[in-house]
Amino acid sequence: MFKNFIKIALRNIIRHKSYVFINVLGLSIGIACSILIVLFVLQELSYDKFNKNFKRIYRVYLSGKIGTSEISGAWTAAPTAGAFIQDFPEVEDAVRMQNWGEVVVKVEDRSFIEKRFMIADSSFFNIFSIPLLQGDPETALNKPHTVVITRKTAKKYFGNEDPVGKMIKVNTDTTHFTVTGIIDEVPVNTHFEFDLLASFLTHERANDDFWLSNSFLTYILLNEGTNADELEGKIPALLEKYIGPQLLEVLGITLEEF
């Protein structure tokens, strides 16, 4: 009986080659597309999940308006991170970051154009789970003009030599940066990318207390059990405390008007 079914099926396939080919091709394309869609969705859902505390990490977002001009984006002032730590016991830690974009890095007599250069506070390693293969995460970025680089970048600059303690020059900065650590490659499923991560203290506005210039990314790590919505409800009071007086002084408008 089973042999007869096989024979009949083969005869039909031979008799209707074009029809069978179209059906098999359509089924194959459908399966392939479904697999690609599933892989894409899984990749998107995996973003930043490699961080051990990803459920407690939040990015501070700005939303405001001056007159008819609306302002919105993940850009904050330099003192934001410090104020969140100081005023909100719910915040365990915070980090400021900025992408410097394309820079020219000089190593002795060689020059490299790097497109993935960022700066960050030393608390970066307390919040994000990117392994430091060499160096101390507590001190690697706690001084100006210090930088950690990826293993691939270290190989490109220094070959098989130990890069920790070596000097590099960034753009036209007269002070050289000291390599203080080597990190593993940044995962592809994260929303920021860098090959070099320098100390935020290098930035001229690192200790700025001006709230009306928003140029930096601020991430906060909440304590276990913190309700993020409740914390968000406390932010207007913080804005009134710090931004309110500066708005009146500089722009002559109240926080409500802003």
Side-chain angles (χ1 to χ4, degrees), residues 36 39-40 42-54 57 59 74 81 93-206 215-219 221:
L36 289 174
L39 292 175
F40 174 78
L42 291 175
Q43 170 72 5
E44 292 296 301
L45 292 176
S46 72
Y47 260 66
D48 298 309
K49 297 292 178 62
F50 65 88
N51 291 302
K52 178 182 176 182
N53 298 315
F54 72 90
I57 300 173
R59 185 169 62 180
D93 212 340
V95 60
R96 299 170 296 179
M97 298 178 66
Q98 187 184 50
N99 188 347
W100 276 14
E102 187 173 283
V103 300
V104 177
V105 175
K106 292 185 179 180
V107 182
E108 296 178 344
D109 60 344
R110 296 172 297 151
S111 295
F112 304 88
I113 296 176
E114 299 291 355
K115 298 181 179 180
R116 308 202 320 170
F117 187 100
M118 295 191 75
I119 60 174
D121 286 309
S122 58
S123 52
F124 175 87
F125 295 106
N126 297 337
I127 296 175
F128 299 107
S129 304
I130 296 180
L132 193 62
L133 305 178
Q134 284 183 251
D136 184 351
E138 297 296 324
T139 60
L141 298 177
N142 69 350
K143 294 180 181 179
H145 290 93
T146 53
V147 62
V148 297
I149 59 180
T150 64
R151 181 163 41 187
K152 183 178 178 180
T153 303
K155 183 74 173 178
K156 179 171 64 174
Y157 291 170
F158 305 108
N160 294 323
E161 295 181 30
D162 184 358
V164 176
K166 302 285 187 181
M167 309 291 284
I168 65 173
K169 187 176 181 181
V170 179
N171 287 335
T172 57
D173 201 318
T174 56
T175 304
H176 283 66
F177 285 69
T178 303
V179 178
T180 54
I182 305 299
I183 59 172
D184 208 349
E185 302 307 314
V186 179
V188 295
N189 57 338
T190 185
H191 69 286
F192 54 72
E193 300 176 333
F194 61 84
D195 295 314
L196 300 94
L197 186 67
S199 170
F200 195 91
L201 294 177
T202 308
H203 200 287
E204 59 184 6
R205 290 176 51 206
S215 307
F216 309 111
L217 299 169
T218 298
Y219 297 85
L221 177 67

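- Residues passing the ring-ring contact (aromatic ring centres under 6.0 Å, His included) test with Phe216, sequence neighbours excluded: Phe200, His203.
- For Thr153, the side chain to side chain donor-acceptor pair (under 3.5 Å) test picks out Thr150, with sequence neighbours left out.
- Arg59 pairs by the salt bridge (Lys or Arg N to Asp or Glu O under 4.0 Å) definition with nothing, not counting sequence neighbours.
- The CZ atom of Phe124 lies 5.0 Å from the CE atom of Met97; values are rounded to the nearest 0.5 Å.
- With sequence neighbours excluded, no residue satisfies side chain to side chain donor-acceptor pair (under 3.5 Å) with Lys143.
- Leu217 is not listed as a side-chain neighbour of Gln98, based on a closest heavy-atom distance of 4.5 Å or more.
- Counting only distance, with no hydrogens or angles, the side chain of Asp173 and the backbone of Thr175 share a donor-acceptor pair below 3.5 Å.
- Under the salt bridge (charged side-chain N to carboxylate O under 4.0 Å, His left out) criterion, the residue pairs touching residues 191-200 are Arg116-Glu193, Arg116-Asp195, with sequence neighbours excluded.
- With values rounded to the nearest 0.5 angstrom, Asn53 atom CG is found 5.5 Å from Leu221 atom CG.
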Q | Residue pair Val147, Ile168: steps toward the side-chain contact (heavy atoms from CB on, under 4.5 Å) verdict | A | CA-CA 9 Å; Val147 62; Ile168 65 173; 4.0 Å; yes
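- With sequence neighbours excluded, the residues that form a ring-ring contact (aromatic ring centres under 6.0 Å, His included) with Phe112 are Tyr157.
- When all heavy atoms of Ala154 and Ile182 are compared, the pair lying nearest together is CB-CD1, 3.8 Å.
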Identify all side-chain donor-acceptor contacts of residues 127-141 below 3.5 Å with residues at least two apart in sequence or on another chain.
{"from": "Ser129", "atom 1": "OG", "to": "Lys52", "atom 2": "N", "distance (Å)": "2.8"}
{"from": "Gln134", "atom 1": "NE2", "to": "Asp162", "atom 2": "OD1", "distance (Å)": "3.1"}
{"from": "Asp136", "atom 1": "OD1", "to": "Glu138", "atom 2": "N", "distance (Å)": "2.9"}

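- Under a 3.5 Å cut-off, the side chain of Ser199 and the backbone N or O of Leu201 do form a donor-acceptor pair.
- Scored by the side chain to side chain donor-acceptor pair (under 3.5 Å) test, Thr218 finds Thr76 as partners (sequence neighbours excluded).
- Sorted by first and then second residue, the salt bridge (charged side-chain N to carboxylate O under 4.0 Å, His left out) pairs involving residues 93-111 (not counting sequence neighbours) are Arg96-Asp121.
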Q) Going through the distances and angles, do Ile183 and Phe125 end up as a side-chain contact (heavy atoms from CB on, under 4.5 Å)? A) CA-CA 10 Å; Ile183 59 172; Phe125 295 106; 4.0 Å; yes
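- Every residue two or more places apart in sequence or in another chain that forms a side-chain contact (heavy atoms from CB on, under 4.5 Å) with Glu161 is listed here: Phe158, Lys166.
- In Leu36, the CG atom is crowded: over 12 heavy atoms of neighbouring residues, nucleotides or ligands sit closer than 6.0 Å.
- When every heavy atom of Thr190 is checked against every heavy atom of Val186, the shortest pair comes out as CG2-CG1, 3.5 Å.
- Contact check for Ile119 versus Thr202: no side-chain heavy atoms found under the 4.5 Å cut-off.
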Q: Just do the side-chain contact (heavy atoms from CB on, under 4.5 Å) check on Phe192 and Leu197 with the steps written out, would you?
A: CA-CA 11 Å; Phe192 54 72; Leu197 186 67; over 6 Å; no
Q. Given Glu114 and Lys156, is the side-chain contact (heavy atoms from CB on, under 4.5 Å) satisfied, shown in steps?
A. CA-CA 12 Å; Glu114 299 291 355; Lys156 179 171 64 174; 2.7 Å; yes
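- For Asp184, the salt bridge (Lys or Arg N to Asp or Glu O under 4.0 Å) criterion is met by Arg151, not counting sequence neighbours.
- Within the structure, every pair that satisfies the ring-ring contact (aromatic ring centres under 6.0 Å, His included) test and touches residues 163-188, not counting sequence neighbours, is listed here: His145-Phe177.
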